[in-house]
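Worksheet: the structure to be examined is printed underneath.
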Amino acid sequence: MKTLTAGTPAPAFTLLNQDNQPVSLADFKGKKVLAYFYPKAMTPGCTVQACGLRDSKAELDALNVVVLGISIDPVKRLPKFIERDNLNFTLLSDEDHAVADQFGVWGEKKFMGKVYDGLHRISFLINEDGVIEHVFNKFKTKDHHEVVLNYFSDNA
């Protein structure tokens, strides 16, 4: 697994959102995009992470940042996550993990002694020109949103 790094053009992608509508990275030209990969909707860690981003929407909007949550969940699972936790951003389904592969976030994981392939919890800040500006790969789910916001205040 080779994760993409800052300075690399982000792979162009189109995935289905929670409403079964196609959403492309190109739709957000002129905005910054926080593409955050999370393992599974409605699990404890993913919920905490999503709610932190939900509660930071005003600050992210002010920074011209659009949040896209990407998981391998089927489309039909996504509206339940949005509804249950009142999420205010787009969730995308990458069931065949093709986009995760392109970003280098699909690969070997270890959990409770088992080794398996899965989605790594990594976020990419993509700038207005479609280039990866920063990779967030060291954070706890509960402070992911703070790490992202701190990046902006540290680089203002």
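Side-chain atoms are counted along with the backbone in the values below, which use heavy atoms only and exclude waters and symmetry mates.
Contact detail for Asn86 and Arg54: the closest heavy-atom pair is O-CD, 3.1 Å. Residues Leu25 and Ala10 come closest through the heavy atom pair CD2-CB, 3.8 Å. Closest of all the heavy-atom pairs between Ala12 and Gln102 is O-OE1, 4.2 Å. A pairwise comparison of heavy atoms in Leu119 and Lys109 identifies O-NZ, 2.7 Å as the closest pair. Closest non-hydrogen pair, Pro11 versus Leu4, comes out as CD-CD1, 3.4 Å. Residues Ala6 and Val135 share a closest heavy-atom pair of N-CG2, 4.0 Å.
Using a 4.0 Å cut-off between a side-chain N of Lys or Arg and a carboxylate O of Asp or Glu, Glu128 and Lys32 qualify as a salt bridge. Note on Lys57 versus Glu59: no salt bridge recorded, every NZ/NE/NH1/NH2 to OD/OE distance being 4.0 Å or above.
With contacts defined as side-chain heavy-atom distances shorter than 4.5 Å, the pair Thr3/Phe124 qualifies. The shortest side-chain heavy-atom distance between Glu146 and Phe139 does not fall under the 4.5 Å cut-off. Between Pro39 and Thr43 the shortest side-chain heavy-atom distance does not fall below 4.5 Å. When side chains are defined from C-beta on, Val115 counts as touching Glu108, because their heavy atoms get closer than 4.5 Å.
Legend: residues meeting ring pair (Phe, Tyr, Trp, His ring centres under 6.0 Å) with Phe152, ordered by chain and number and at least two apart, are absent.
Other residues, nucleotides and ligands contribute at most 12 non-hydrogen atoms within 6.0 Å of the NZ atom of Lys40. For Tyr116, the OH atom counts as densely surrounded, since its 6.0 Å shell holds more than 12 non-hydrogen atoms of other residues, nucleotides or ligands.
Checked by atom type and distance alone, the side chain of Asn150 never pairs as donor or acceptor with a backbone atom of Asp154 at under 3.5 Å. Here the side chain of Asn127 pairs a donor or acceptor atom with the backbone of Gly130 at under 3.5 angstrom. Remark: the backbone N or O of Gly52 is paired with a side-chain donor or acceptor of Ser56 at under 3.5 angstrom. Under a 3.5 Å cut-off, the side chain of Thr141 and the backbone N or O of Val48 do not form any donor-acceptor pair. The closest donor-acceptor contact from the side chain of Asp27 to the backbone of Val23 lies at 3.5 Å or more, if one exists at all.
Of the inter-residue distances, the one linking Asp143 atom CG with Leu149 atom CG reads 11.0 Å to the nearest 0.5 angstrom. Here the straight-line distance linking atom CD of Glu95 with atom CG of Leu15 works out to 10.5 Å at 0.5 Å rounding. To the nearest 0.5 Å, atoms CZ (Phe81) and CE (Met42) are separated by 7.5 Å. Note: Asp85 CG to Glu83 CD = 10.5 Å, rounded to the nearest 0.5 Å. In this structure, the separation between NE2 on His144 and CG on Leu53 is 5.5 Å, given to the nearest 0.5 Å. For the atom pair Ile132 CD1 and His134 NE2, the distance stands at 11.5 Å (nearest 0.5 Å).
Taking the six-membered ring where the residue is Trp, the centroids of Phe37 and His120 are separated by 6.0 Å or more.
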Check against side chain to side chain contact (heavy atoms under 4.5 Å, CB included), Leu91 and Ile82: CA-CA 8 Å; Leu91 296 179; Ile82 287 187; 3.6 Å; yes
Side chain to side chain contact (heavy atoms under 4.5 Å, CB included) assessment of Leu125 paired with Tyr151: CA-CA 10 Å; Leu125 181 65; Tyr151 166 80; 3.5 Å; yes
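Ring geometry for Phe103 versus Phe13: interplanar angle over 60°, hence perpendicular rather than tilted (30 to 60°). Ring geometry for Tyr36 against Phe89 counts as perpendicular: the plane angle is over 60°, on a 0 to 90° scale with 30° as the lower cut.
Both Leu34 and Leu87 belong to a single network of hydrophobic side chains, linked directly or stepwise wherever heavy atoms of I, L, V, M, F, W or Y lie under 4.5 Å apart. By the rule that hydrophobic residues join a cluster once side-chain heavy atoms approach within less than 4.5 Å of another member, Val33 and Val99 end up as members of one cluster. Note on Val148: it does not cluster hydrophobically with Ile126, by side-chain heavy-atom contacts below 4.5 Å among ILVMFWY residues.
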Solution key, residues 62-75 side-chain donor-acceptor pairs under 3.5 Å, sequence neighbours excluded:
residue, atom, partner, partner atom, Å
Asn64, OD1, Lys31, NZ, 3.2
Asn64, ND2, Gly30, O, 3.0
Ser71, OG, Tyr38, OH, 3.3
Ser71, OG, Asp73, N, 3.2
Ser71, OG, Asp73, OD2, 2.8
Asp73, OD1, Arg77, NE, 3.3
Asp73, OD2, Ala41, N, 2.7

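Within the structure, the side chain to side chain donor-acceptor pair (under 3.5 Å) test picks out the following pairs touching residues 9-24 (sequence neighbours left out): Thr14-Ser24.
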